[in-house]
Asks: 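Sharing a structure, written as structure tokens. Questions coming.
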Amino acid sequence: MPNTEREPGSRDFLEQAQHDAARQRYGTPGALQDVINVMMADQDQAKRVNAAKAAMLGVDIDATVEKWASKNTSVFHHGTPQSVRWPASNPTATEKDLSPAALGPKHDVTMSEHGATSPETDMHVGYSSTTQMDVSSPESGELTGDSTTPNESEMSDGQVRNANMGARSSIQRFSLNTNNDGPKKEKGKRKRVTFLDDMPIPTLLPATPPVAESSRLGAARVPTELDTQLAPSLFVQQAERYPVEPLPKWYEDIKPNNLEMNKIRKKRPQALNSLEALKNCIGRCEDKMMQRSNVQSKNPKLLELFDELRNLVHKAEIYLPVDKYIVRFARILHKENGLPRIFQEDTQFPSDLKADSYQLYLRWIREDFEQNVLRGIITVKGPNRGSDRLDPKYRSKYPTTAKYYGDKGLIIGQCWPSQLCTVRDGAHGSSQGGIFGDKDKGAYSIVLSGGGGYNDQDNGDSIVYSGTDGQDFTPTEATQQMLRSAELGNEIRVIRSANLHRDNQYRPVIGFRYDGLYTIKGFELVDKEKQIHRFKLERCPGQDEIRYGDNAASRPTQYEIDEYKSLKVKHRWA
DNA sequence: GGGCCCGCAGGG
DNA sequence: CCCTGCGGGCCC
């Protein structure tokens with residue numbers, strides 16, 4: 001079939017492109033068919049997306065297709081030979097403006113904002129770049145004789161077709177600077193890694209919502225179900241970031257003068273005093289903000305008050321032993337009296353305080369008053385050593401799952417002493433695995449750690465993360481999940497482990513920290529036989545900053561650090 | 001700090 | 001019941 005008949009957005013084109021890509025990546029017919037099936041399901045959506053984009057830009061889609069076909073080159077192939085290039089990592093203005101982020105309800109798009117952009121890059125299918133790399137010895141010269149440089153005769157039928165279809169081959173070298181590992185990785189067996197990434201890899205762009213009927217007039221676009229599923233954070237209104245929940249049943253069922261409440265009224269337990277102190281501090285913050293609303297960030301008295309409140313919230317999270325009666329007595333879950341006064345949309349509290357008070361709020365809302373950081377974890381004594389496991393009783397009482405996109409129920413900076421605890425709270429789904437996902441849905445969450453000798457790179461908002469090593473030209477399950485996410489563009493929760501390299505400024509002091517949602521912007525195939533892929537992730541916009549370093553907002557909090565350390569000591573004794 | 005090796009949870 | 005895996009305790 002001639003190239004010109006493969007129009008972007010057409011079923012024919014997509015089928016062929018996805019077929020070739022899948023064949024190249026997976027090799028085996030069974031896996032291939034799976035990929036195709038999933039991809040085909042997305043095609044209607046894809047067509048709508050293209051039509052919507054064209055409509056918004058006022059572009060004649062037919063003319064655009066013709067133009068594209070006549071060029072017959074990769075739209076993403078623009079070279080900077082010395083640096084790492086990732087497919088679609090440097091989106092053009094057009095791509096950026098059409099991303100779900102820009103099109104979400106947060107940023108209503110009007111025609112005038114896009115009138116001048118070029119349609120060329122607005123194709124449905126993007127292509128990977130062409131690269132060859134030398135990981136460990138950037139300064140070394142030519143490829144040695146024994147290094148594998150695949151040529152066309154080694155390619156499969158599908159690969160050859162693919163290469164013909166897409167872009168030319170201009171093999172380039174580049175070196176990778178890893179701020180974690182530096183050049184020390186020499187010790188590894190794999191001195192030199194070469195790879196051929198010369199075939200275009202069609203990638204479904206992250207889904208964007210179709211245009212509403214009235215969009216010609218610049219009305220807001222309505223996200224589809226699929227959009228909100230893949231990238232839920234992009235469609236969350238500010239007001240819904242920390243939604244105030246309806247008062248839970250257990251809370252409302254407690255009558256103000258029942259027996260327990262009367263006891264509290266008489267006894268005034270210490271925990272109640274702590275809650276009252278917390279409320280009191282909220283009130284003083286509010287007063288101060290009322291006075292100096294314009295210069296609140298510079299008011300030293302107010303900053304002091306925020307610190308005091310932080311301290312109270314952090315202490316409550318770890319050490320405050322409340323029960324449902326005390327919580328109810330203090331009316332701490334009430335919108336008008338309690339924690340929602342901090343995190344509600346229209347307040348001026350710092351974002352870290354909002355987040356941390358919301359974490360506490362959510363736990364109490366679901367009637368979990370176990371402030372022990374190891375709640376839900378039981379230690380069993382084996383013949384040789386003890387081991388931790390999830391307590392089935394706690395699990396059934398507070399069931400969670402990690403099989404979801406986004407980070408509903410988590411806050412940026414949330415910390416856990418162990419990876420098992422991240423599973424307990426549904427932040428991650430594997431007690432040891434770094435990647436948790438699903439064959440069809442891609443990755444939901446990943447853990448960044450130093451273990452395993454992976455050649456990762458961490459720049460905070462952008463990450464290079466390696467898939468696990470496969471064998472016999474077959475990628476592992478986990479790697480396939482990441483590849484699927486690269487196609488879907490879904491949001492992935494990123495958790496950093498204290499096991500990261502000490503030089504990494506984003507490393508949590510101890511334990512594990514949730515640092516926000518990222519999406520995969522591209523990947524490189526580093527080793528063909530072992531199917532080692534290195535994924536480039538970027539942090540989704542609009543989230544709070546990563547809470548690293550030494551400042552009031554950073555986590556784990558001092559209380560968490562002390563507690564985790566003391567637990568480790570205890571563990572050694574037990 | 002590195003290596004051994006025993007584990008866990010989840011998925012096929 | 002098998003397998004995988006960016007933990008982790010414990011030994012040196």
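Chain naming here is simple, since letters A, B, ... match the order of the sequence lines and numbering starts at 1 in each. No hydrogens, no waters, no symmetry mates; every other heavy atom, side chains included, goes into these values.
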Asks: Quick test of your reading of the model: are A:R484 and A:D440 salt-bridged, counting only N-O distances below 4.0 Å?
Replies: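 Between A:D440 and A:R484 there is no salt bridge, as every charged N stays at least 4.0 Å from the carboxylate O atoms.
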Asks: Name the stems that DNA chain B belongs to, where each is three or more consecutive Watson-Crick or G-U pairs with both distances under 3.5 Å?
Replies: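 Detected stem regions: B:1-6 with C:7-12, B:8-12 with C:1-5.
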Asks: When the distance from CZ of A:R385 to P of C:dC12 is rounded to whole Å, what number comes out?
Replies: 13 Å
Asks: Write down the distance between OH (A:Y518) and C1' (C:dC6), rounded to a whole number of angstrom.
Replies: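 Rounded to whole Å, this separation is 16 Å.
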Asks: List the residues meeting salt bridge (charged side-chain N to carboxylate O under 4.0 Å, His left out) with A:K403, not counting sequence neighbours, and say none if there are none.
Replies: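 Scan of A:K403 (salt bridge (charged side-chain N to carboxylate O under 4.0 Å, His left out), adjacent residues dropped) gives A:D438.
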Asks: In whole Å, I'd like the distance from the CD1 atom of A:I377 to the C1' atom of B:dA9.
Replies: 11 Å
Asks: Do the two ring centres, one from A:F343 and one from A:Y361, sit under 6.0 Å apart?
Replies: yes
Asks: Is a donor on one side and an acceptor on the other found under 3.5 Å between the side chain of A:S485 and the backbone of A:A443?
Replies: yes
Asks: Could you tell me if the ring centre of A:Y548 sits under 6.0 Å from that of A:Y506?
Replies: yes
Asks: Let's see if you get this right: which residues in residues 410-425 of chain A place a heavy atom under 4.0 Å from DNA chain C?
Replies: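 Correct list: A:S418, A:Q419.
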Asks: Rounded to the nearest Å, what distance is computed from the CG atom of residue A:L390 to the C1' atom of nucleotide C:dG7?
Replies: 13 Å
Asks: Ignoring backbone atoms, test whether A:S387 places a side-chain nitrogen or oxygen under 4.0 Å from the OP1 or OP2 oxygen of C:dG9.
Replies: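 Looking at the OP1 and OP2 atoms of C:dG9, neither is under 4.0 Å from any side-chain N or O of A:S387.
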Asks: Go through the structure and list residues passing side-chain hydrogen bond (donor to acceptor under 3.5 Å, both in side chains) with A:Q505, not counting sequence neighbours.
Replies: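 For A:Q505, no residue satisfies side-chain hydrogen bond (donor to acceptor under 3.5 Å, both in side chains) once neighbours in sequence are set aside.
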Asks: Roughly how many Å is it from CG in A:L500 to P in C:dC6, rounded to a whole number?
Replies: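 Atom-to-atom, A:L500 to C:dC6, this comes out as 13 Å.
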Asks: Quick one, which residues of residues 391-400 of chain A touch DNA chain C with a heavy atom under 4.0 Å?
Replies: none
Asks: For A:R539, give me all partners under salt bridge (charged side-chain N to carboxylate O under 4.0 Å, His left out), at least two apart in sequence or on another chain.
Replies: none
Asks: Give the rounded distance in Å between these two atoms: CZ of A:R389 and P of B:dG10.
Replies: 13 Å
Asks: I need the CZ-P distance between A:R496 and C:dC6, as an integer number of Å.
Replies: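 These atoms are roughly 17 Å apart.
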Asks: How about A:E367 and A:Y398: does a side-chain donor come under 3.5 Å of a side-chain acceptor?
Replies: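 Note: A:E367 and A:Y398 side chains miss the donor-acceptor criterion.
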Asks: Expressed in whole Å, how much space separates the C1' atoms belonging to C:dC6 and B:dG12?
Replies: 22 Å
Asks: What contact category does A:N499 fall into here, base, sugar-phosphate, or nothing, at under 4.0 angstrom with non-hydrogen atoms?
Replies: sugar-phosphate
Asks: May I ask you to decide whether A:D391 forms a salt bridge with A:K397, counting only side-chain N to carboxylate O separations under 4.0 Å?
Replies: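 Judged by the 4.0 Å cut-off on N to carboxylate O distance, A:D391 and A:K397 do not form a salt bridge.
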Asks: Could you check whether A:K403 gets within reach of a base, just the sugar-phosphate, or nothing at all, counting any heavy atom under 4.0 Å?
Replies: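 Counting heavy atoms under 4.0 Å across all strands, the contact made by A:K403 is with sugar-phosphate only.
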Asks: Round to a whole Å and report the spacing from CD1 of A:I510 to P of C:dG7.
Replies: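 Going from CD1 in A:I510 over to P in C:dG7 covers 14 Å.
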Asks: Would you please indicate if the ring centroids of A:H533 and A:F523 are separated by under 6.0 Å?
Replies: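 Yes, they do, as the ring centres are separated by less than 6.0 Å.
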